[in-house]
Each structure stands twice: as structure tokens, then as C-alpha cells.
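Note on naming: letters A, B, ... go to the chains in the order of the sequence lines (proteins, then strands), and numbering restarts at 1 for each one.
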Amino acid sequence: MTPMSLAAMAASIPDGAMVALPPDNSIPSVALAKALIRRRARGLRLVGVPISGFATDILIGAGCVAEVNTSAVTLGEAGFAPRFSAALKAGTLVVRDATCPAMHTMLQAAEKGVPFMPLRGLIGSDILANRPDWMVIESPFGTGEKITLLPALHPDVAVFHAVMADSAGNVWVGRRRECATIAHASQRSLVTVERVVEGNFLEDERLCPGAINATYISGIAIAERGAQPSALLDEYGFDTDYVMAYARAAKTEAGFAEWCAEHVFDNQAVAAE
Amino acid sequence: MTPMSLAAMAASIPDGAMVALPPDNSIPSVALAKALIRRRARGLRLVGVPISGFATDILIGAGCVAEVNTSAVTLGEAGFAPRFSAALKAGTLVVRDATCPAMHTMLQAAEKGVPFMPLRGLIGSDILANRPDWMVIESPFGTGEKITLLPALHPDVAVFHAVMADSAGNVWVGRRRECATIAHASQRSLVTVERVVEGNFLEDERLCPGAINATYISGIAIAERGAQPSALLDEYGFDTDYVMAYARAAKTEAGFAEWCAEHVFDNQAVAAE
Amino acid sequence: MSYKTEELLAVCIARLIRARPTRHIAVGAASPIPAAAAWLCVKQGDPLHLSLLHKRSGNPFTDGSRELFDLTGQGRIDLFFLGGGQIDGQANINLIGTGAWPGLEVRFPGSFGSAFMYYMSGRTILFREEHSPRVLVDRVDHISAPGTSEPGVFRRGHAQALVTGRCVFDFHPDRGRFSLASYHAGESVESIRAMTGFEFDVPEGVGETVPPSDAELALLRGAVCDEMLETYPDFCARVFERKAAA
Amino acid sequence: MSYKTEELLAVCIARLIRARPTRHIAVGAASPIPAAAAWLCVKQGDPLHLSLLHKRSGNPFTDGSRELFDLTGQGRIDLFFLGGGQIDGQANINLIGTGAWPGLEVRFPGSFGSAFMYYMSGRTILFREEHSPRVLVDRVDHISAPGTSEPGVFRRGHAQALVTGRCVFDFHPDRGRFSLASYHAGESVESIRAMTGFEFDVPEGVGETVPPSDAELALLRGAVCDEMLETYPDFCARVFERKAAA
């Protein structure tokens, strides 16, 4: 698989696409999120896996997002996600609140090719009351248990960062297996990587368990430190200072615009080459 | 976790236990199966993950098994499983026929802590007609689709072989992640390993994706070449000649008894030390 | 060029694969002939993704043995192969056994993934080398997986064809019947009828199976055999008379 | 020995952990005080298994981020911690926000796993340092996860207690109410009542929270802090006045 440019990858995601995006502890492709801002994507429907973080907040701030289906949007230690909160208040964003295992369950239903899967909990929560797409039944096994069925969620595109790709187009995400689930559940998977290496991870018993088969991967782009400010396994850590600075700047729309001009658009020439 | 002896491990599995046992391509613990024969286990209810192989056939031949819940019992290239066929014909064994993804689905339902999970296919198959524990419903989502719900399957014990255990009791199974699923789904997991190594797989990004957390592991026993004649990843291959010789010997009850005396009981002193 | 039956069957299957758009094929362990057919298509230049199950090195699945079924559930497997201890005229297959349930006369190993794969793959090529009234029956004793499904049952695909040691049948899910597509050299419509336990349609102009071309045979014995030596050493030794380097 | 509020709260929580049989505790990321409490139990010799979420090295989960929820679904998590932007007198928690759905007045980050973990953990300790009528309300604006469930809903556990910067409440799922277990030094039944937006029971003889012992403080500042330096550097610097070696 020949790597593509970040810009071409961003261009291949149409406006309005449903995009599964893991949060800060789960190797999001912040590089691709920034490229989506540069291509001025609109109407994206983001899926938190199972929550949403920094990449989601900057996409919202830049006006790329119509809807978020997620269990939380947070900057972690840096506090509430400012552009998410502002967009909700302004009424320019729809949030479909869920709970973490519900996001996993809906994606696993898509992974398994079944139309729905059950999940315990939920009943009595206002989350459920606000999800007309979720359905409570009495168990058909005669136990009298009430249980919620969640429909399969099929994102158009899974977007994440990986440590590396191999010659065959397999990508290596280590223990971040939720990235495998979204790759399985989604129509296409677009993956940024630190580097491309020779060989085939599937033929290496040590690397194979952390690999995702190329059969699920639609495109690869090289983006060094492409998860930053999020962490990438043992390659680099979470950049708290960067996110703290973002959180302060993005408190206002003007502050966000300034941050974005500096941190998203000024880097364009470099990132797209 | 201090390793226990194979004999103590076998003794800890009570007669009548429901035991999940992966097949020949999925690192079964043949060493523990032989130890169960030596301790003259009775009434075991074996679960194929998702099919059953050599270890299941020898346990059946030795009279240890009351029931097999599986999608197939086979010796692969060596043909039909002779003691399985004989026991069925003699009426001393109950087989609950399934299909591979149904076995996975029932175990995943247990893994996820839900009472059932749906599966497509199945309808119109006589497998379904013979599984009163499976239930066909019309999808509550109003699509008109008929779909089968399978109840969660909670084995008492998961039994498999692993390459190694670490100081913390984590075990490493590489890409054989169905072993993780049965460990998650079962009350207890008993694992034989080639060796115990220093350190903690969970703190190593390269080893972690193929590891199973010690929280699921109830006991570890060292059994070198404990999967043989089955293969163990890149450590050793499938011993076709051994299984072929078994298939020939086990065609008759007397032949099996002779094979068993030589290959199970003669090794007892060595294996239990 | 003279050829072995296995080579003819591999070529028949390869032609069936190429007859319809195919991106991803999964091939089971006990199927060297379908595997050879799929490799032949690859070596003929088709942009095919092959998932060879039970391949020891480079096993394609990193999510455990359920991944094949998940993959198929997702609709990513365009073609799968199934056999059957019995296959009947409605393309029902029996991998359970004969006599009373669960196969008290002759017990086969079991249904494996058939009761899912047959519905959820884009299509299935049925393959059974033995072509006799014992195997090709009017009605299977037990249905591991049915040839067709009632409305309301999600079904992505059906049998495309049944390839045997004597002929190729096409399957027509709309009418739930096979038709004879071609008979192999040495057979005739009458000989096929005599050896088949089920009724089938015989279209006008049905003739002999086109034999493998020299190019097809050269690929099979060369590049295809190269790929298969590790997984199917006995088959390669017997059919292609080649052994893996020790 | 003098102590910080954080140390008192960690000791309160540790005592609640030790009050019931506990094998496996999961602790979320934003919870250094519960994490310190769990470590304190470990260092006091309890045979506890801790799963610290978001721990960067040695993250306990190898099946992706769903494993915590699967683990809890299996009934293997005996104790979990939850907070709440609002917590009410029936132990309902609100992580959504205030004002009209979905939090048009003040939006909190969201419910995370609460709508599952609160039901499926063996029990939950609610923890919120801020104790004010703004947080501890009569009725939450939105229920992320309910304190009790109707019959027919599978529920493994409930809140054991609510620990705040002012007091410890016990929760009684049978009657869906809190009772005051103890108030911290400087508080009284009256001051607690004044700062609490919900009604609660006051058992006879309720008194001041027993302060941390010297042994507890020594463990917290020593062995517990050692374990927490990597994950919670700011907390360790602020509370224990210790920094990780660079």
C-alpha cells in the first residue's frame, strides 16, 4: 500500500461523513483532524470510542462537526472541552449522549454483522430516555429481565494513528484494540503512522497480536508525531502543557481562531508535503 | 503466582465441570487433558472453541466426557475423530451441535456479561432445530428480520496452553485471542505454559497485546511441549505422524486403551514431577 | 498437455471465481483444490485478497478465530467454499451425519461455520470430488446449512455452483435447483444423471468442460505450487510432484 | 500528626473499602484520592487487585478499552468509584449538565461508563470533594445513572457511601436514602445539613470522622506516594510534597 499525503487523505473524507475517532488515551490521529480543518470539512458526525477528546474539540471549534455520538467530551486534566461546550450552548452542535460500553457495544454489533446487541445497565438513566434509537425489551428467555438493545453503528470512516505500517499495509496499534474494532465496524479506515517498515507483521508472532490486517485499511499517510498532543504507547507521552495552553486559548471563539491559525494553518505547508 | 503441578491442576477440576477447550490450531493444553485422564475425571462437559480436536477425542476415549458442545470434532488431516464417533454410536456421549460463530457468540455474551447475543445465519439449519436453548425472534427494530438469540455460555474452567507466564501471573498467547475470550467467559482459567519468565508483560508494549491479564488466571503449571501434538505458534509445529498413529490405533476401543497406556499413563511419572 | 483431475478441478473453480467480481476469498484448511484455484486467479493477475485459514505462518487473523466470522458478517468475504458429506438438489448441505440425529449411522465431524458462512458470504462454491448417489442425494438426512432461505431471513449469498470430480453444476437460488454447466472428459449427460441422486436441469448445448490451457497448467505447477508447498505438502507432492525444500 | 484534607479523605475511603470483602477495584483517571485509598489498602496488606485506568505504563487491559466494561459485566469488579456534577438524595448522579437536556446551562463532559458501571460493579463509592447545595441537590437535573433500579432490571450493586470534603454518608438502597456516617473535624450535623441540598437520616450517636492514624499517614506519604508518582505527579507534589525523580 503506497502512503498518501495527509491532504489527500483528508480530501477523501466527504462532508457529512460519520467518522469514528478514538480519544486522547487511544491514539487518535490529531494530524488528520488538523488536515480536516485545513480542508474546511463540514457536517462531520463524530463517534467517540467510547469518549471524545482534544481532536474532537478542535474539529468542533473549526466548524467541521454537525453531531457527536459519544459518552463524554473532555480534555482530561485540562478540564472541560471549551469548543464543545460553546457549540452546544450556541445550538450549532447535536450531541447524542451515550455511555462507554454502549459505544463499544454498538461498534461490536457492526463488527459482528448483527443488527443489534444487548447491554445491561442503562434502564433508569436519562441517556436512554434521550435515545429513541435504543430499545428496551423483556428478555425472550423468560427470565423477566428488562434489557436494552442497541443498534449496530457503522461509521463511514475509522480514523486513528498507529505506530507503524508494514509493506503489506498492515498497521500496528499494540494494545489499543478498540482501533481494531472501529476498523472492523467501519466502511473505510484511514490511518496515519509514524513510519512504514519492511516486512509483514502477520508473519511475526510477536507483532501480529497488536496488528490490524490490511484488509480493513483503505489508506495510510505518514505523519510523524501524528497523535500529538495525545500519547502514542511508549513512543511519546501526553503533552499536558500543549493541551492546557489550548484550553486557555479556546475559552473564547477569538482565542480559538488565533490558536487555530497558529497551530493548524501555519503548519500546513510542512504537514502536507 | 506460584506454578502448581499438572496433577494438582487436574485434581482441581471437579467431575462434571464444564470445560472450554480450544482445538488443535488454537494451543490446547494436551498436557492437562492427559492429566485429567490420569486422574480419571468423569462427566466432563467439553466446550469446543469453536471446534474440538485431538485433546477432546482422547478425553472421550478415556471415558472422561459426558457431553460436547461444539461445531465439529475432527483430527484434521488425520480424519474423523474415532473415539468421538464410537461414543456417539454407543450412546455414551451427548453432542450438542453448533456452528463456529455460535460458539464464539455464546462465549462473547458471557465475556460481555449479557444474557444473550444475536447471530445471523442458522435459520433453516437442523442445528437450530436441535437447540431448544436457542431462540428465534423477529427483530424488535421493526425490520421484519427473523434472527436467532443465543444464551451466554459460562464454562466452569477454561483450559489452554500458553507460550509463557510472567512473574505477575499474566500469560502470553499471541494471536490466539480466542483463549482470552474463554478466559474472560469462564469462572476459572487453568493454563499450562512452556516456561515462566521474569517481568510483567503488561508493561511491555510489544508483548502486552498478546497477553492475558493475571486477573483471569486461577492457576499455572509448567508443561514443556504441553500443546503437543498440537502446534504452538512459532515454537513447534503440528505433529501429524503422532496424530495419524493415534487415529489408526484409536479405531478400536482396545487399540485406544493400548495407545492410552503407552502415551498417557507411561508418561505419568515424568509429567507429574 | 496432459493433466490430473485435481488440476482440472482447480481450473474449473478458478473460472467460476473469475466469472464474478471478487475481492476477498476465504479458503478453509482441508481444501487444497479451492486454494489452488484461488492462487491461480491471483497468479493470473486478479487483485484478490486471500485469507487462508489454518495457514500456520502468516495466519491472517489477529482477533482470534472469531475474526473470520466477524469479517464475513461484515460482508467483506465475497466467496467461500463448502463441501458436504451429503449435498442435495436444493443445495442443502449435510456435515452432521446420516441416520437419526446427530448422525447415528455415520457421523461426520460437524457443521463447522457452514450454518453462518453459507448465508453471509457473497457467494459459495460447493466442492466435493466424490460424485456418487451416496453423496449427491435427493434430500440430505440433516441440514447443516440450507441452500435457500425464507423471506425475513438475512441472507447475503447462495451457492454459485457445485464442482465435482465428474461435472460442474450451476445453482439457481430463485428456483432452488441445479443445472448442468459442463461434464468433464469421459462423462456424458447420461453418466452424470446415473451418478447423481438429485434431479437437475440440462440446458441445451451443454458440453464437455473446457480442459486446462497450457498457461493455466504452467501457473498451477509453478507459481501456484510455490505458494502451497508449506500448507499442503502432501497435495503438492502428489499432484504437482514437488516437495518443499527441507 | 497533622494531615491534609486529601489524606483524611483517602483514609475514609480506605476504611470503606476494608469494611467489605473486596478483591478487585477499578479506579478511573481523574481520581487520585480514591487511587491513594486503594493503594493504602494494598500497602496495609489486603490481597487486592487494582486496575488503574489510563495508567500509561502497565495499562492493565489487553483487549482494548472495552475490557474494563466486559470485566465489570462479568462481575469481576467488586468496587468502582463515581463522582457527579450533581448527586441527589436518592444517589442518582448527573454527569450530563444543568438546565435543559443535554445541559444547556452548564454542560459537564458526559456520563462516561456510569450508566453501566453503577449497576454492574459489586458496589460503588461516590466521591465528591465539593460539598455544597450546588452539588448535593434534592433532585439531579438529569440522571446519568440512577441510585436504585426497578425490579426486572439486572443490578449487581449500589452506592456503598458518599465521601465528601465535609462528611461521609452511608447509602441505603432499600430505602433509597443516605444517612450521615460521620462528619469531618470542624463540621457538625447542623453544618452538614446547611450545606446539603437533600434530606438525609442522622443515626443516633453520629460523630466526628476518626482522623488518620500515624501509621496510615506514614504509608500514604511513603509507599502509597511511591506508587502514584508516575500517574499523579501534580497530586503527589501538592499533597505529599514529593516529586518524581526526573
Side-chain angles (χ1 to χ4, degrees), chain B residues 22-23 25-26 48-52 70-77 79-81 84-85 88-89 91 94-105 107-108 119-130 138 144-147 175-181 209 231 233-234 237-238 240, chain C residues 29-30 53-57 59-70 72-73 92-97 99 101-121 140-156 232-235:
Chain B
N25 65 337
S26 177
V49 187
I51 64 166
S52 305
T70 193
S71 303
V73 187
T74 174
L75 297 183
E77 284 185 69
F80 287 12
F84 165 68
S85 303
L88 262 193
K89 191 155 274 178
V94 172
V95 60
R96 307 178 73 190
D97 276 283
T99 187
C100 297
M103 298 305 302
H104 290 303
T105 292
L107 291 163
Q108 277 190 285
L119 184 68
R120 282 174 164 161
L122 288 175
I123 299 172
S125 163
D126 286 334
I127 295 171
L128 176 61
N130 286 279
E138 193 175 305
E145 180 179 348
K146 286 172 207 145
I147 192 161
R175 71 181 82 193
R176 302 301 350 179
R177 298 194 61 82
E178 57 274 22
C179 293
T181 302
L233 307 182
D234 56 358
F238 185 75
T240 311
Chain C
L53 315 182
H54 299 257
K55 188 164 178 276
R56 198 175 149 228
S57 83
N59 173 314
F61 298 121
T62 64
D63 210 24
S65 54
R66 71 164 173 257
E67 187 172 350
L68 167 68
F69 307 105
D70 289 354
T72 308
N92 298 311
I93 63 173
N94 174 9
L95 296 157
I96 291 285
W101 183 271
L104 294 186
E105 211 174 273
V106 177
R107 170 70 197 198
F108 309 145
S111 303
F112 294 90
S114 62
F116 181 80
M117 299 299 285
Y118 205 13
Y119 304 69
M120 299 300 279
S121 304
V140 292
D141 286 17
H142 306 291
I143 299 177
S144 284
T148 58
S149 295
E150 58 185 288
V153 175
F154 184 94
R155 184 156 191 154
R156 202 172 267 133
Y232 303 106
D234 295 349
F235 177 82

Would you say the side chain of [Y] lies within less than 4.5 Å of the side chain of [X], judging by non-hydrogen atoms?
X: B:I147; Y: C:F154; answer: no
X: C:M117; Y: C:F112; answer: no
X: C:L68; Y: C:F61; answer: yes

Measure C:Y118 against the heavy atoms of chain B and call it side chain, backbone, both or neither at under 4.5 Å.
-> neither
Using non-hydrogen atoms and a 4.5 Å limit, figure out which bit of C:T62 sits close to chain B: side chain, backbone, both or neither.
-> backbone
Short side-chain donor-acceptor distance under 3.5 Å, C:S149 and C:R155 = yes
Does the side chain of B:T181 come under 3.5 Å of the side chain of C:R66 through a donor N or O and an acceptor N or O?
-> yes
What option among [options] has the most heavy-atom pairs under 4.5 Å with chain B?
options: C:A115, C:P151, C:G73; result: C:A115
options: C:D234, C:V140, C:I96, C:I143; result: C:I143
options: C:P109, C:G64, C:P102; result: C:P109

Any Lys/Arg nitrogen of B:R120 or B:E145 sitting under 4.0 Å from an Asp/Glu carboxylate oxygen of the other?
-> yes
Does the pair B:K89/C:E105 count as a salt bridge with the N-to-O cut at 4.0 Å?
-> no
Most contact-rich option vs chain C, by heavy-atom pairs under 4.5 angstrom, among B:L88, B:T240, B:T70, is B:L88
Most contacts with chain C, counted as non-hydrogen pairs under 4.5 angstrom, among B:L75, B:V95, B:D97 = B:D97
What part of [X] lies closer than 4.5 angstrom to a heavy atom of chain C: side chain, backbone, both or neither?
X: B:V49; result: backbone
X: B:A129; result: neither
X: B:E138; result: neither
X: B:L119; result: side chain

Specify the closest pair of heavy atoms between B:D126 and C:D141, including all atoms of both residues, with the distance to one decimal.
-> OD2-O, 4.5 Å
